[in-house]
Amino acid sequence: MEISTAIFYLVAAVTVGSAAMVAFSRNIIHSAFSLLGTFAGVAGIYVFLGADFVAGVQVLVYVGGILVLILFAVMLTHRITDVQITNRSAGRIPGLVVVAILFVLLVQSIGETPWAKAKEVVYKATTASIGDLFLGDYLLPFELASLVLLAALIGAVVLARQEIKE
Amino acid sequence: MDDLVAHPFFPILVLFCLAGIVVLALLLVAQKVGPKKMDPVKAEPFESGNPPRGDARIRFPVKFYLVAMLFLIFDLEAVFLYPWAILLRRLGTYGLVEMGIFLLIAAVGFLYAWKRGALDWE
């Protein structure tokens, strides 16, 4: 086995292992911290896919931003004062139904995807081509992204300010 | 082994490995070499500081969340700047206007947060 393949399996194992920790850990803080491994592992998988810009954004936004946000959300919960902080699942039967549907969907999409294998993997910087698409073909969605961020900002300010006043 | 060294992301792998090795080495050296004489004063959370009051596990004020949220939003705005910055010279005025609209919308949000006092810490 090539060393890069071995490293890929290592990264994949870290990703799936941390994801399992997130799902199965009884302590919500442990779950939140395990997300770090999942996010970093996904960044590694992006690297293996040759998506350098997406991998960088993954580290910058998910590891650096979303994880902090989730940790803050955990610290804001009522039950943080309890020593036994558990994340009990909502119910086994609804959970099973959701998991079964998701499983069928995933198997179906795996089966229908044509797994073309590149003869030779060429790694090149993707940032410029992403920029070309953003400012060319996808200009409107790009500007709309700014509006979505504006809406998120206003929503955050309105909700948080209300709570401070109360 | 050659394919690994030739990989364009090999330097990043080396960087991560070195970072891990340095952290582990520092922790191990500190544990092996450092003197360990524990007494009640040293065991306090803040040695020679104020005695801690109350529980460490408290609900944090929502202000922290607001700051994190604002950081994340402007973080995302900044991410969109990278691909544009690479193409800046090629796109010229056209690209400048496009990014100007994008940033103007972001600036409206910033002004809103400022006027509503979301940036104040009271």
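Every chain is numbered from 1, with letters handed out A, B, ... down the list of sequences.
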Fill in: Interatomic distance, B:Cys17 atom SG to B:Leu13 atom CG [nearest 0.5 angstrom]
4.5 Å
Worksheet item: Which value, rounded to the nearest 0.5 Å, describes the distance between A:Met21 atom CE and A:Leu36 atom CG?
Response: 11.5 Å
Practice prompt. Return the option, out of B:Leu76, B:Ile73, B:Ile86, B:Asp75, with the maximum number of heavy-atom pairs under 4.5 Å with chain A.
Written response: B:Ile73
Practice prompt. Step by step, work out the side-chain contact (heavy atoms from CB on, under 4.5 Å) result for B:Leu88 and B:Met99.
Written response: CA-CA 10 Å; B:Leu88 178 62; B:Met99 191 40 87; over 6 Å; no
Practice prompt. Check the pair A:Asp137, A:Phe142 against side-chain contact (heavy atoms from CB on, under 4.5 Å), reporting the backbone distance first and the verdict last.
Written response: CA-CA 10 Å; A:Asp137 291 354; A:Phe142 173 68; over 6 Å; no
Worksheet item: Using non-hydrogen atoms only, which part of A:Leu139 is less than 4.5 Å away from chain B: side chain, backbone, both, or neither?
Response: side chain
Discussion item. If we define contacts as heavy-atom pairs under 4.5 Å, which of A:Thr127, A:Val157, A:Leu69 has the most with chain B?
Written reply: A:Leu69
Response to the item:
Whatever's closer than 4.5 Å to a heavy atom in chain B on A:Phe48 counts as neither
Worksheet, complete the sentence: If one checks every heavy atom of B:Tyr65 against chain A at 4.5 Å, the contacting part turns out to be both
Worksheet entry | Contacts of residues 144-151 of chain A with chain B (heavy atom under 4.5 Å) | A:Ala145, A:Ser146, A:Leu147, A:Leu149, A:Leu150
Worksheet item: What part of B:Leu104 gets closer than 4.5 Å to chain A, counting heavy atoms only: side chain, backbone, both or neither?
Response: neither
Item to complete: For the pair A:Ser109 (side chain) and A:Leu106 (backbone), establish whether a donor and an acceptor sit closer than 3.5 Å, ignoring hydrogens and angles.
Response: yes
Worksheet, complete the sentence: Correct closest heavy-atom pair for B:Gln31 and B:Lys36 would be O-NZ, 2.6 Å
Practice prompt. Could you look at B:Ile101 and say if it's the side chain, the backbone, both or neither that has a heavy atom under 4.5 Å from chain A?
Written response: both
Item to complete: Please look at A:Leu71 and chain B and tell me whether the side chain, the backbone, both or neither of the residue comes under 4.5 angstrom of a heavy atom of that chain.
Response: neither
Worksheet entry | Part of B:Leu70 within contact of chain A (heavy atom distance under 4.5 Å) | side chain
Worksheet entry | Contacting region of B:Phe64 [heavy-atom separation from chain A under 4.5 Å] | both
Fill in: B:Tyr82, OH: over 12 other non-hydrogen atoms inside 6.0 angstrom
no
Worksheet item: Among B:Ala113, B:Gly109, B:Ala85, which has the most heavy-atom pairs under 4.5 Å with chain A?
Response: B:Gly109
Worksheet item: If we only count heavy atoms from C-beta on, is the A:Val158 to B:Tyr112 side-chain gap below 4.5 Å?
Response: yes
Practice prompt. Determine which residues belonging to residues 52-61 of chain A lie within contact range of chain B, meaning some heavy atom pair is under 4.5 Å apart, and list them by number or answer 'none'.
Written response: A:Asp52, A:Phe53, A:Val57, A:Leu60, A:Val61
